[in-house]
Structures are given as structure tokens and as C-alpha cells.
Amino acid sequence: MIMSLVSYEFLAFFAAAAILYYVVPKRFQWIMLLAVSFLFYAGGGAVYLLYPMITAVSTWFLALRIGRVDSAAQTYIQEQKPDKEQKKAYQAQIRKQKKRLMTTGILLNFGILVVLKYTDFLLGNLHVLLGPEEGAVPQISWVLPLGISYYTFQTMGYLIDVFRGRYRPEKNLFRFMLFVTYFPQMVSGPISRFDQLRKELFEEHPFDGTQFTFGLWRVLWGFFKKLVIADRIAPAVATITAAPDVYDGIYVLVGMLGYTLQLYADFSGCMDIVIGVSQCFGIRLPENFQRPFGAKNLSEFWRRWHMTLTGWFREYIFFPVSTSRFCRAVSRLAGRLGMKKVTKKLPVYIANLIVWFVTGIWHGAAWGFILWGLANGIVMMVSQELTELYRAFHRRFPQTDGSVYGAFQKVRTGLLFSGLLMFQYYPFGTVFAMLGNLLATGRLSQLFDGRFAELGLTAADFIVLAIGLLLMLLISILQETGSVRQKLAARPLVVRFAAVFLLFVTVLVAGCYGHGYNASQFIYNQF
Amino acid sequence: MRWKKPACVLLLAAVGVTVIAGLQRLLMPKYMGQVVEGNFTSEYYEETTPHDVLFLGNCEVYENISPIVLWREFGITSYIRGNAQQLIAQSYYLLEDTLKYETPGVVVFNVSAMQQFDQDNESYNRMTLDGMRWSASKWNAIRTTMMEDEHIIEYVFPILRFHSRFAELEADDLTYFMKSGKVAHNGYYLRADIRPAGDLPVERRRSDYSFDSRSWEYLERIRALCENNGIQLVLMKAPSLYPAWYDQWEIQIEEYASEHNLLYINCLEASDEIGIDFATDTYDAGLHMNVYGAEKMARYFGPILLGLPGVYDRRGTASEGIDLDSVWQEKCDFYDQMKASQEEEFAKLGYIKQFYIQ
């Protein structure tokens, strides 16, 4: 098992890595990072390193081949100076060659991902299709390397970018391996682009005390979110979501909100640690969250939540699919059938549904996740269709431009996001029933009927959670006007010390870690 | 003023360390309620005079023999370094630790610990090991005996283990913030309540009666350590009726003792000779002796120990200029006071509410 980012082992590993990183000559810093990344991943067993290596080597090789084909083509054009027709034919031939190489890489690596992650899901569905009388279809239960979805997406993004000629391929295999296996981000992202990360990873980083301190502060904040909030709320959420027949009525709402807060604190906490650790190395990673609960509609929410994944889908699925020949043909067909209103929208909607289907299945090999993804897509498409209606509504009621209505929109979006998450944890058949149950029977008084006391949380847990959530909200509000760390850094030493020390002591004392707590991995490590 | 910032940083760091050290002390269990055993290990370091006899082992030692009676009636200075479910490896490292402070003439090791090498309850490890002073012996004791889900760093910084107690702090945590109260009598856990031995669980048949090879390894290490320090090692089996002490185990220990020319005393077999009455001398139905049984054990052991090299009647003598009589008189008074207090409480309530004197 790969060490958790909130384990003692990781802290020791990080400390040792940081010391070595700044002790070795700066030109060897990236080699140092590669070595510790290998060590980090191999800690879970050699098999954990095998799959990323296959992905890294195959992608590096194929990208290099694509690059060589490109170079050869340029040389040919420069030297032979073909006429327009010849050039066009030659370029088509080159594109075909490159496409073949890219397709090989995509099939191989997404193939590995599909086989490892989705075989049991497919076999399970096959079993249902064949019917139980046909006998049980065996499950294979492959060893799933942690973070396979992240590094596969990251490397495939690289391959596609090289194919598109966005940048030259990396010639040094070991440098490319570092891009794939860079240890803080490998298991949970953020999913980075090579042209963004290359400079960060390979340039020399002299020790910068301010950056290092900022990095540590962010790591501490991540620990707070994960250990004080997410892991403390987790048992109650698990109890509620696992027993819909017991926890109905108002508890459906409690479960929804609890799961959303857990998910946010867990995943954004993980990102804070990953980005903070990287900042200590002088490496800037892209952000994955931008105060999502400040979004006024679901589309905006998804532009602020898991931003690198949604960005990846937009770049490598949505745009290619919506501009594909297939979509254009469907669009034309709709036009011929007299459906002129939807002609332009159809490619967007097709691409949207595909993106959200993939988003769903990326999150989990289960129908619940697929339905959750599609539900998000459908809600956004409906919302898009109703744009004119919204505009008319706002024109009719201009007071809806105010902050009160803005707050309502934020709450509504948060509830919508939370509600859709029910697809992830309730069986599909019960989602609407539970929602109906909440609306029909949900009463605040149910919170005092004894079931609340059985959620596994003590009075101290509730106090810690309340303070933790308030602090998280406060920081989020402060972030709206700029970096909180910058603001803190501008304060006198005693104030800085008091703030950081208080946070440290809170994590130390009120964190869910060590003996008596189930050491839980980050939720988003499982993808 | 160039020194101002570094001085401020140092001061804040000192404040931080002090606060965390204070929090750690506050959050660590004080073992001053119904479970007082967690104080036994640390109490040893308060001793001001050396001992001729050191008892090592688990609850079969620290509840079954009274060092106060050994002194009072035989002039033997002794100490028990025993804890709840103290593993043989922990006994070895506690012996190693003891030798840093003194070299007793005799070490008596209770062999019941041979039957279990791995710990099955983290609390027992903490009660045994937290009180040890830091040394290579403590480090090795932790490394050897900690359970799979334990981390050595949680021993180095116990706040990492006990942080969750913030929600269950009691008045005792403040009362004993600076120092826990004294609960044992040279390592002896005094119990003056009585619960006669009754029906015991049926002995479980085992497929294999061999002791774990690691238990043998540590017994051998104890023997070698004693031999290298000129200490006479004595093996004993306490008169506990349960858990069962199988004949097959007895044979293995007898063979080992005979092979290495060690004295082995099976007090369970000699319980009639000792005069133990399992209707009055046990406080938990035959598992452990109460004070009356422990005093009988001391009276049985006294003459045997006095016959061994390095064990003397020390009454009326001094050690490093300290008058032993006055040191032990204080211990006797504390013992008598606690015994009387428990007897009174037991007579009044039928059980004992408090195992220490405030």
C-alpha cells in the first residue's frame, strides 16, 4: 500500500526528500525528485510501479516517434519544396502516420486503464445480462495501481498535445518519467499539462524560505481539512448513507450535506497537501478548486471543482467530439429533418453527454457513478435550454441581481450538487424515493428522535466540526480578496505564529489520526 | 537591533514547545482511577537505594509477592518490575534498564510470560513502556513488542497517541498534571479485597505446547545478561490458578532450569506448602493473590532468597550513606496505611473503590 499523504511515514518521507532536494547540486534536483518518486510509488510493491512505467515508456516512445515524423515532414517540405497539392497529400499522409501512433498509445494506455479498472464492472453487467441461471461470471479483481486514472489522463493529454504539435516531445525518458510519476501529484492529481509542468520540474530551484513556509502552511491547512473535518464527519456520513431505510426524512438532507462537506474537505485538503508539498520544492502545480461553493449555477460549480479534470475533458473530449465529423453529420441530418433550432446545439449536447458519461465512469466503475455524471450533464443542458427564461425572469425582477438572490443561488447550487451526489451512494432505484421521502416527511424534529445520537459522533465531535467548518468558511471568504497566506505573511511575527500554531495544535489534538482511528485514504486516491 | 528578530523567534519557539509539552502531559492518561498499573514502570526511578532482589514479569509477579514483608521479616531489599501482560522481551529490556541504575544479586523471573510473545492489547504496551526512561533499552523494547498498528513515533511523542483524550479529560488529569500519585509498593500492587476461587474455565487443549522460539531467545538473553553481570537468575511460576499452566510447559521449564543449573520454584505446586487458601488469599477468584496471599508468598520466598548469594538481611545497615531502616520504614508505613484503608473500604462497601491514597 502506498503511504497516505497524512501518515507519519509520508511526513518523514517528505522531510527527507526536502532535505536531499536542497542539498544536492541544483542541476540534479529533478533526478532527486525522480528517485524519491520511484521510491514513493514502489513502497506499495513493485507491481505499483510496473503499470506507470509501461505507460511512461510507451507514451514517451510514441510521442518521440510522432515528433520525428513531424521533423521529417518539416525537413521534407523545406528541402523538397513540394507544390500545394503535393504538400496537402504529404501532410495528410503524415497526419495519418501520426494518428496511427497516437491511437496506438491511447488504445494501449486507456486499454490498461479499462482492463484494470472496469473488467469487474463489465463482467458484473455480463452476469446480469446472461441471467443468474447461466452461472456466476467470475470476478478478476486486478491489482489497481493508485492514481492510474490521473497519470493515464495526464500522459494521454501529453500524447495528444504532441500529436497536435502544441509542443515538442521530451527526448529524455527519465525527465518524462518524472512528469508521469512526480510523487505528490501522481495519486490524486492535479492533472497537469507537460508544457506547464516541464519548466517547474526541470528548472533549478534555490531554497526560498518564503515559498517553503507558504508551502508548509498550505500542507497544514490540508491536514486540517482532511483530519479535523473530513475524517471526523466520515463515520456519520457512512452510517447515514449505508442505511437509507433507517436514516430517512431529514437525515437524507443531513447525509447529502455531510457527504458533500466530507468530499470537499477530503479532496481539497488532499490538493492543499499536494500543492503545498510541491511549493516547498519550488514547484507550482495548477489549482484544482476555486471556492466552488461560491458558484451560482452548476456549470460554474464545475468550473471551480476539480478544475484540472474538467479542463482535461473540455480539451481532449468535448472539443474534439463536438467538432468531429460524426457530430457535424448529425447536425446536418437534423437540419435536413427540419430541426433547425437544434442544429447548432446537437454537437454540443452529444459532446456534453459523452463528457459527463466519462466523468461518471471515471469516478467509479458502477452505474451509480455513470448516472450521477449523466444527471449533472442533463441538469446543465436543461439549464442551458432555459437561459432565455432566466433572462426574462431577471428582467422582470431586477432585484434578483442583488446579493440576497446571489446567496440564494449559491445555496441552491450547493444543494443541487449535493443532491446529485446521492446517485453515488444510494442504489439508483432508491435515489428518487429518498428525495421524495425527504420532501414528504423531512422534519427538523427528527434530529431529536434518537437517531442522531447513533451516528457515532460525540458532543466534542460536533463542536470540533462546527468550529472547523466555520474556519473553512471564513478562509474561503477571505480568499475572495486574495491569498490568505499573503495576508497572514504581512502580519507581525507574533500574529503569524499564533495563527499557524493554533492551527497546528488543532490538527495535533483534534485530528482523526493514530490509534483508534481507521487510517483512511483520500477519497480521490481511489481513482 | 539585529538580535531582536532571532530572539523573538526563539522565544516563540520556546513558547510553542512548552505549550505542546504541557498539552502532552495533560492528555496522557494518569492511571489514577480504577486502573493504576500504568504508573508502575515510572515509579522505579524514584527509588533512592539499591535492591538485592529484582522480580520481573507480568501480573503474576506484581500482585503475588509483597516486598514490604520481605523487608520487614527478612531484611531483604527487593523491587518488582512487572506490568500487566508484560511480555518476556519487555522484561528483558526492563532488566537491561535496571542494570543502568543498580546490579541486584538475584533476579526472579516469572515464567508464565513464556506462553505469549506477541502483544494482543496496545494498552498493556503503553502501560509498560510509557513509564520507561528514554534509552536504547526503551527504544528496543518498543521496537520488539509494539503491535502492527502501533507507531514508534507515538511513543516518542505520546501526544500523537493520546490526543483524542481531549474529549474525555477529567479532574484527575489536572490534579495529577505535574506528577501522578504513588500507587505501588516497590512495584507491588496491593489488593486487600477477597474473592474466593470458584469454578475456573475449562482448560483448552492445544495442538502444540512448545513455547515460541522468540520467547526462548529472550529467556536466554535474560539468563546471559544475568550471568554477565554476576546475577543469580531464579525462575518462578506464581500460584495463579488461571490461566492454566500446562504440564508440558512445566516440563520444558524444568529442563531449561536443569540444563542451566537455575533454581526453579513452582509456587502453584507449592501452594499448600506456602499456605495459600484460595478461599481468602485471592481477590479475583484465583487469578491473582490479594495482599494476604502475597504476604504468604513473601514469607515462603524470604528464606529461599536469603540462601542465595548477593541477598542479605540489610536491616540496620546503610546504603551509600542512606539509612535503609528509615527509607523502608516510610515504605512500610505507606503499605500499612493503604492496606488498612482498603480493608476498611472492603468491609464497608464489599469492594474497593480507590487503589491509591490521595
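Note on naming: letters A, B, ... go to the chains in the order of the sequence lines (proteins, then strands), and numbering restarts at 1 for each one. If you're wondering where the values come from, they're calculated on a predicted model, not measured in any experiment.
In this structure, the side chains of V15(B) and F501(A) stay at 4.5 Å or more apart for every pair of heavy atoms.
Within the structure, ring pair (Phe, Tyr, Trp, His ring centres under 6.0 Å) contacts touching residues 206-230 of chain A (residues at least two apart or in different chains) are Y22(A)-F207(A), F207(A)-F212(A), F214(A)-W217(A), W221(A)-F224(A).
The 12-atom threshold is exceeded at CZ of R221(B), counting heavy atoms of other residues, nucleotides or ligands nearer than 6.0 Å. With a 6.0 Å radius and a threshold of 12 heavy atoms from other residues, nucleotides or ligands, R491(A) has its CZ atom at or below the threshold. For Y247(A), the OH atom counts as densely surrounded, since its 6.0 Å shell holds more than 12 non-hydrogen atoms of other residues, nucleotides or ligands. Within 6.0 Å of the CZ atom in R143(B), the count of heavy atoms belonging to other residues, nucleotides or ligands does not exceed 12. Counting heavy-atom neighbours within 6.0 Å of W139(B) CH2, excluding the residue itself, gives a total of 12 or less.
Contacts of F504(A) with chain B are made by side-chain atoms alone, with heavy-atom separations under 4.5 Å and no backbone atom involved. Residue contact with chain A, scored on non-hydrogen atoms closer than 4.5 Å, involves the side chain of L27(B) exclusively. Looking at V505(A), the atoms closer than 4.5 Å to chain B (heavy atoms on both sides) all sit in the side chain, from C-beta outward.
Taking NE2 of H163(B) as the reference point, atom OG1 of T506(A) lies at 13.0 Å (rounded to 0.5 Å).
Note on L23(B), L12(B), V19(B): by heavy-atom pairs under 4.5 Å with chain A, the leading option is L12(B). When each of I463(A), D461(A), L493(A), V494(A) is checked for heavy-atom pairs under 4.5 Å with chain B, L493(A) comes out on top.
Residues of residues 152-161 of chain B lying under 4.5 angstrom from chain A, judged on non-hydrogen atoms, are I153(B), E154(B), I159(B), L160(B), R161(B) by number.
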One pair to check against side-chain contact (heavy atoms from CB on, under 4.5 Å): F166(B) and V464(A). What are the steps and the verdict? CA-CA 11 Å; F166(B) 81 94; V464(A) 169; 3.7 Å; yes

